[in-house]
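Both counts, for ligands and for their atoms, begin at 1 and track the order of listing. Heavy atoms only: backbone and side chains are in, while hydrogens, waters and symmetry mates are out.
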Amino acid sequence: MVFKDRDVISINDFSKDEILYVLKIAKNLEQNPKPLAKGKIMAPLFFEPSTRTRMSFIAAMERLEGEVDGFASSKITSVKKGETLWDTVKTVEKYTDLIVIRHPLEGAARLAAEASSKPVINAGDGANQHPTQTLLDLYTIWKTKGGLTNLKIGLLGDLKYGRTVHSLVTAMAHFNPKFTFISPEALKMPDSYLIMLDENKIQYTETEEILPAINDLDILYVTRIQKERFPDPIEYERYKGAYRITKNTLSSVKKDLKIMHPLPRVNEICKEVDNTGHAIYFEQAANGIPVREALIALVLGKIK
Ligand code: CP
């Protein structure tokens with residue numbers, strides 16, 4: 001297992017053992033913070049809005065006693081003057097030790113990794129991948145359920161454009177889950193993921209209805225219908241309020257059902273659900289810090 005100088009672009013690049021190793025390091029760092037990034041600089045390059053990913057990467061770097069120099073919006077950079085992504089990355093790599101990039105275009109993180117001699121971490125590229133979100137999602141499931149194997153997991157909402165669900169389904173395929181995919185027909189899980197699940201003999205069902213599909217689940221992973229991913233705004237208007245979880249929706253679910261959401265939410269989970277024992281989405285967001293600490297320390301070669 002070699003992590004030093006490695007790019008983190010897709011969850012497909014991680015074996016099952018590597019995933020479990022990252023989670024173990026995250027747990028160690030959560031319990032015992034260490035100054036593993038002292039003297040190192042991380043560059044968050046965010047070409048698309050973010051609250052959790054950007055701030056938790058920064059918090060993780062600061063907890064490791066490293067420094068941060070990047071941007072939260074390309075509007076205040078020379079991208080506005082026409083600079084290419086390639087040239088931006090070629091420049092930033094001269095100033096820093098690690099690049100974290102979020103970009104609206106699929107493949108942008110891979111391109112950045114080709115341009116950079118320093119490690120690049122994908123913080124979300126279009127509808128494609130969000131591997132660090134997946135690792136923190138796995139960490140959250142692992143902590144709350146005591147393991148990752150043989151779980152019944154429902155994924156609800158925009159399964160077509162949702163990069164977090166694409167990465168999560170790929171990673172969980174290592175752990176013999178049973179999936180229930182709940183979405184409007186037009187936003188169903190892409191065939192490429194269903195073929196991957198078939199090839200790995202992972203069971204799944206697809207439905208457009210929340211009930212009774214959620215009643216025997218261990219985890220319900222809710223996603224936002226993402227306005228910014230729809231090529232046609234009229235299509236977005238059709239689906240934007242398709243699902244809303246309320247306390248009433250949860251009246252027959254298992255007592256230990258846990259509800260996750262990568263956030264931000266719009267209206268798909270009613271605030272009244274926050275105070276039930278089911279909601280763990282804010283803990284999930286907090287788990288971004290130890291998981292990103294682990295990844296930073298690993299790619300900087302500070303943990304073998
Ligand atoms: N979960 C997530 O990626 O949130 P942000 O868009 O706020 O970073």
Residue and atom name of the nearest protein heavy atom (relative to atom 1 (N) of ligand 1), distance in Å to one decimal: Pro262 O, 2.8 Å
Could you tell me how the ring of Phe181 sits relative to the ring of Phe179: parallel (under 30°), tilted (30 to 60°) or perpendicular (over 60°)? parallel
May I ask you to identify the nearest protein heavy atom to atom 6 (O) of ligand 1, giving residue, atom name and distance to one decimal place in Å? Arg102 NH1, 2.8 Å
Less than 4.0 angstrom from a charged side-chain N to a carboxylate O is my criterion; do Glu272 and Lys247 meet it? no
Would you mind running through ligand 1 and noting each atom that sits below 4.0 Å from a heavy atom of Thr53? 2 (C), 3 (O), 4 (O), 5 (P), 8 (O)
So for Met55, does at least one of its heavy atoms come nearer than 4.0 angstrom to any atom of ligand 1? no
Do Tyr193 and His166 have ring centres separated by under 6.0 Å? yes
Of the protein's non-hydrogen atoms, which lies at the shortest distance from atom 7 (O) of ligand 1, and what is that distance? Thr51 N, 2.8 Å
Presence of salt bridge, Glu83 and Lys90, under 4.0 angstrom: no
At under 4.0 Å between heavy atoms, is it the side chain or the backbone of Leu263 that contacts ligand 1, or both, or neither? backbone
Taking only heavy atoms of Gln133, which atoms of ligand 1 are found under 4.0 Å from at least one of them? 1 (N), 2 (C), 3 (O)
Kindly give the heavy-atom pair with the smallest separation between Ala37 and Leu300, and that separation in Å. CB-CD1, 4.2 Å
For the pair Phe14 and Phe3, name the ring-plane relationship: parallel under 30°, tilted 30 to 60°, perpendicular over 60°. tilted
